[in-house]
Amino acid sequence: VARSVSPIAVWLHAIREHPGEWFRFPDLVSPSTATNIKRGAYAGAATGEFEAKCRGIHVGPDGRKVCTLYARYVGGQS
């Protein structure tokens, strides 16, 4: 299954240049996004390369749960 290049994939590519440093994604996202990042579900990101966390989970104006996303590049698995 091909993975599309999303804004999150572009963001992950950019933070790869700063290993170990936490970054906040500028938009609110679904809480499942952090899990998907850790599983390598985005183009250019392999399982275990990134740590990701969602903070401030709440119900957005459209009735869906959203959160603030933080992630950092920790490198590939050996």
Side-chain angles (χ1 to χ4, degrees):
V1 176
R3 295 182 289 183
S4 64
V5 178
S6 68
I8 291 175
V10 172
W11 178 70
L12 292 173
H13 178 76
I15 69 174
R16 186 181 291 271
E17 300 296 318
H18 306 276
E21 187 176 343
W22 286 98
F23 288 86
R24 182 179 63 84
F25 190 68
D27 300 317
L28 294 175
V29 299
S30 166
S32 64
T33 305
T35 300
N36 290 334
I37 289 171
K38 292 184 274 189
R39 290 182 179 168
Y42 290 93
T47 301
E49 282 190 318
F50 292 90
E51 289 182 354
K53 300 179 183 292
C54 260
R55 295 290 182 250
I57 297 172
H58 64 279
V59 177
D62 62 359
R64 294 185 295 165
K65 287 185 180 178
V66 293
C67 67
T68 301
L69 174 67
Y70 295 88
R72 69 177 176 171
Y73 178 69
V74 294
Q77 295 177 338
S78 301

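Note that this is a predicted model, so its numbers are computed, not measured. These values consider heavy atoms only, across backbone and side chains, with no hydrogens, waters or symmetry-generated copies.
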Exercise. Taking S30 for its side chain and T33 for its backbone only, find out whether a donor-acceptor pair lies under 3.5 Å.
Key: no
Quiz item: How long is the span from the CD1 atom in I15 to the CZ atom in F25, to the nearest 0.5 Å?
Solution: 10.5 Å
Quiz item: In terms of the angle between their ring planes, are H18 and F23 parallel, tilted or perpendicular, with boundaries placed at 30° and 60°?
Solution: tilted
Self-check item: Considering all heavy atoms, the nearest W11-A71 contact
Solution: CH2-CB, 3.5 Å
Quiz item: Between R72 and E51, is the closest basic N to carboxylate O distance under 4.0 Å?
Solution: yes
Practice problem: Could you tell me whether a side-chain N or O of H58 sits under 3.5 Å from a main-chain N or O of G56, the two making a donor and an acceptor? | Solution: yes
Quiz item: Are Y73 and L12 close enough that some pair of their side-chain heavy atoms sits under 4.5 Å apart?
Solution: no
Quiz item: When rounded to the nearest 0.5 angstrom, what is the spacing between CG in L69 and CG in D27?
Solution: 10.0 Å
Quiz item: Given V29 and I8, is the side-chain contact (heavy atoms from CB on, under 4.5 Å) satisfied, shown in steps?
Solution: CA-CA 10 Å; V29 299; I8 291 175; 4.2 Å; yes
Quiz item: For R16, which residues count as a salt bridge (Lys or Arg N to Asp or Glu O under 4.0 Å) partner, sequence neighbours excluded?
Solution: E49
Practice problem: Take R64 and V59, measure what side-chain contact (heavy atoms from CB on, under 4.5 Å) needs, and give me the verdict at the end. | Solution: CA-CA 5 Å; R64 294 185 295 165; V59 177; over 6 Å; no
Practice problem: Supply the atom-to-atom distance I37 CD1 to K53 NZ, rounded to the nearest 0.5 angstrom. | Solution: 12.0 Å
Quiz item: Which heavy-atom pair separates I57 from C67 by the least distance, and what is that distance?
Solution: CG1-CB, 3.7 Å
Quiz item: Got a second to check how far C54's SG is from K65's NZ, nearest 0.5 Å?
Solution: 11.5 Å
Exercise. Determine the minimum heavy-atom distance between S6 and Y42, stating which atoms define it.
Key: OG-CD2, 3.5 Å
